[in-house]
Amino acid sequence: MISKRFSRDEIISKFHDGQTIMTGGFSFHGCPDLLFDALADSGAKHLTNIALDASAARLMHLGIFDKVIIAHSGSVPENLALIASGKIEVEFCPMGTIAERIRAGGVGLGGILVKTGLGTDAQKGKELIEFQGETYILESALRADISLVRAATADHYGNLTYKGTARNSNPSIAMAGDLTIVQADRFVELDEIPPEQIVTPGIFVDMILDIQ
């Protein structure tokens with residue numbers, strides 16, 4: 001049987017300067033905290049972070065992110081000062097739009113058409129599309145070099161389930177990474193997760209942190 005469980009050191013070796021890292025979780029729920037620690041310990045810098053919000057705030061304050069693409073940072077007021085200082089570039093994106101951009105990246109779409117932000121700064125520098133008599137902003141799909149995901153259960157093939165609000169962005173983010181790494185709260189045998197309860201099929205998962 002092929003197992004996707006890897007040691008912390010093996011996972012750390014996958015992080016390199018200049019990568020785009022997508023992180024799961026929202027409002028500090030469903031965050032892969034142990035993988036955040038591994039990323040910090042890797043020494044990788046000049047990274048771009050894509051996430052729904054600033055749940056990876058402590059990584060921002062380590063100075064390893066040059067840019068973040070998020071919906072808001074209001075839950076971490078300190079980040080506003082960091083952004084205002086110019087030490088980190090931020091691209092704010094409406095919550096529903098960023099969620100759909102991530103989903104689009106995961107399912108192989110090139111982008112999505114949205115009305116949110118028309119006539120505001122959100123449309124600056126973006127292509128406008130006329131379709132069926134309506135005007136839309138063309139928003140590009142989002143993918144990452146590495147996606148960091150938090151799951152409730154995982155089997156050795158990487159089939160995942162989630163608990164509560166951890167299901168917010170993690171399933172979409174798991175699909176949108178060229179390399180998807182998972183922190184699971186519990187490992188189960190292959191036949192313990194009923195097929196209809198699998199949220200993320202193992203085909204999308206490359207590595208699972210082996211927690212001893």
Chemist: Do Ile98 and Val114 sit in one hydrophobic cluster, given that two such residues count as connected whenever their side-chain heavy atoms are within less than 4.5 Å of each other, even indirectly?
Modeler: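 Unlinked, Ile98 and Val114 end up in two clusters.
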
Chemist: Once you round to the nearest 0.5 Å, how far does NZ of Lys163 lie from CG of Asp185?
Modeler: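 Going from NZ on Lys163 over to CG on Asp185, the span is 8.0 Å.
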
Chemist: Assess the residue pair Glu139 and Arg103 against the criterion (salt bridge (Lys or Arg N to Asp or Glu O under 4.0 Å)); give the C-alpha distance rounded to whole Å, side-chain angles, the decisive distance to 0.1 Å, and a yes or no.
Modeler: CA-CA 12 Å; Glu139 294 277 6; Arg103 185 194 65 81; over 6 Å; no

Chemist: Does Gln183 use its side chain to pair, donor to acceptor, with the backbone of Leu34 at less than 3.5 Å?
Modeler: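 Pair found, side chain donor or acceptor close to backbone of Leu34.
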
Chemist: Using a strict cut-off of less than 4.0 Å between a Lys/Arg side-chain nitrogen and an Asp/Glu carboxylate oxygen, indicate whether Asp37 and Arg58 qualify as a salt bridge.
Modeler: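 Result for this pair is yes, salt bridge flagged.
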
Chemist: Indicate the atoms forming the closest heavy-atom contact of Leu179 with Asp206, along with that distance.
Modeler: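 Minimum heavy-atom separation between Leu179 and Asp206: CA-OD2, 3.3 Å.
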
Chemist: Can a side-chain donor-acceptor contact be found between His46 and Asp17 if the only test is distance below 3.5 angstrom?
Modeler: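 There is no such pair between these side chains.
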
Chemist: Run the side chain to side chain donor-acceptor pair (under 3.5 Å) test on Ser13 and Glu10 for me, step by step, so that the C-alpha distance in whole Å, both residues' side-chain angles and the decisive distance to 0.1 Å come before the verdict.
Modeler: CA-CA 5 Å; Ser13 71; Glu10 288 174 308; over 6 Å; no

Chemist: For Pro194 and Glu192, work out which heavy atoms get closest and say how close.
Modeler: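 Scanning both residues completely, I find the closest heavy atoms to be CD-O, 3.4 Å.
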
Chemist: Does Asn159 use its side chain to pair, donor to acceptor, with the backbone of Gly202 at less than 3.5 Å?
Modeler: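 Confirmed, Asn159 side chain pairs with Gly202 backbone.
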
Chemist: Using a 3.5 Å distance criterion without hydrogens, assess whether the side chain of Gln123 forms a donor-acceptor pair with backbone atoms of Gly119.
Modeler: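 Flag set: sc Gln123 to bb Gly119 pair under 3.5 Å.
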
Chemist: Mind running side chain to side chain donor-acceptor pair (under 3.5 Å) on Ser55 and Asp53 for me, showing each step along the way?
Modeler: CA-CA 6 Å; Ser55 289; Asp53 71 348; 2.8 Å; yes

Chemist: Say you draw a straight line from CG of Asn49 to CD1 of Ile70; how long is it, rounded to the nearest 0.5 Å?
Modeler: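 These two atoms lie 8.0 Å from each other.
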
Chemist: Ignoring hydrogens, what is the shortest heavy-atom contact between Ala71 and Pro94? Give both atom names and the distance.
Modeler: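 Minimum heavy-atom contact is CB-C, 4.3 Å.
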
Chemist: Quick check with a 6.0 Å cut-off and a 45 degree axis cone: is Lys4 positioned over the face of Tyr157's six-membered ring?
Modeler: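 Cation-pi check for Lys4 and Tyr157: fails.
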
Chemist: Any donor-acceptor pair under 3.5 Å linking the side-chain atoms of Glu130 with those of Thr135?
Modeler: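 Result is yes, a qualifying pair exists.
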
Chemist: Could you state whether Met175 and Val199 fall into the same hydrophobic cluster, counting links through intermediate Ile, Leu, Val, Met, Phe, Trp or Tyr residues with side-chain heavy atoms under 4.5 angstrom apart?
Modeler: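 In one cluster: no.
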
Chemist: Can Leu39 and Leu59 be said to form a side chain to side chain contact (heavy atoms under 4.5 Å, CB included), step by step?
Modeler: CA-CA 9 Å; Leu39 174 57; Leu59 297 180; 3.8 Å; yes

Chemist: Could you give the distance from OG1 (Thr116) to CD1 (Ile137), rounded to the nearest 0.5 Å?
Modeler: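 Result: 7.5 Å between the selected atoms.
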
Chemist: Just say parallel, tilted or perpendicular for the rings of Phe26 and His72, cut-offs at 30° and 60°.
Modeler: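 Taking His72 first and then Phe26, their aromatic rings stand perpendicular (interplane angle over 60°).
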
Chemist: What closest approach, in Å, do Ser169 and Leu52 show between heavy atoms, and which atom pair accounts for it?
Modeler: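 Here Ser169 and Leu52 meet closest at CB-CD1, 3.6 Å.
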
Chemist: When you compare the side chains of Tyr162 and Thr200, does any donor N or O come within less than 3.5 Å of an acceptor on the partner?
Modeler: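 There is such a pair between these side chains.
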
Chemist: CZ of Phe15 to NZ of Lys45: how many Å apart, nearest 0.5 Å?
Modeler: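 Result: 16.0 Å between the selected atoms.
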
Chemist: Look at the side chain of Lys67 and the backbone N and O of Thr20, then say whether any donor-acceptor pair between them is shorter than 3.5 Å.
Modeler: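 Checking the backbone N and O of Thr20 against the side chain of Lys67, no donor-acceptor pair under 3.5 Å is found.
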
Chemist: Return the CD1 to CG distance between Ile181 and Leu209, rounded to the nearest 0.5 Å.
Modeler: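 So the CD1 of Ile181 and the CG of Leu209 are separated by 9.0 Å.
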
Chemist: Is the backbone of Cys31 close enough, under 3.5 Å, to the side chain of Arg150 for a donor and an acceptor to pair up by distance?
Modeler: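 Looks like yes, one N/O pair under 3.5 Å.
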
Chemist: Ignoring hydrogens and geometry, is there a side-chain-to-backbone donor-acceptor pair from Ser27 to His29 under 3.5 Å?
Modeler: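 A pair under 3.5 Å: no.
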
Chemist: Using the rule that two of Ile, Leu, Val, Met, Phe, Trp, Tyr join whenever any of their side-chain heavy atoms come within less than 4.5 Å, decide whether Leu118 and Phe92 are in one cluster.
Modeler: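 Result: no, two separate clusters.
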
Chemist: Measure across Thr180 and Ala174 and return the closest heavy-atom pair with its distance rounded to 0.1 Å.
Modeler: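 Closest heavy-atom pair between Thr180 and Ala174: OG1-O, 2.8 Å.
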
Chemist: Could you go through the salt bridge (Lys or Arg N to Asp or Glu O under 4.0 Å) check for Asp41 and Arg8 one step at a time?
Modeler: CA-CA 10 Å; Asp41 290 344; Arg8 188 175 187 272; 2.5 Å; yes

Chemist: Say whether, by atom type as modelled, one donor and one acceptor occur between the side chain of Gln19 and the main chain of His16 under 3.5 angstrom.
Modeler: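 A pair under 3.5 Å: yes.
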
Chemist: To the nearest 0.5 Å, tell me how far Ile112 CD1 sits from Thr97 OG1.
Modeler: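 The distance works out to 5.5 Å.
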
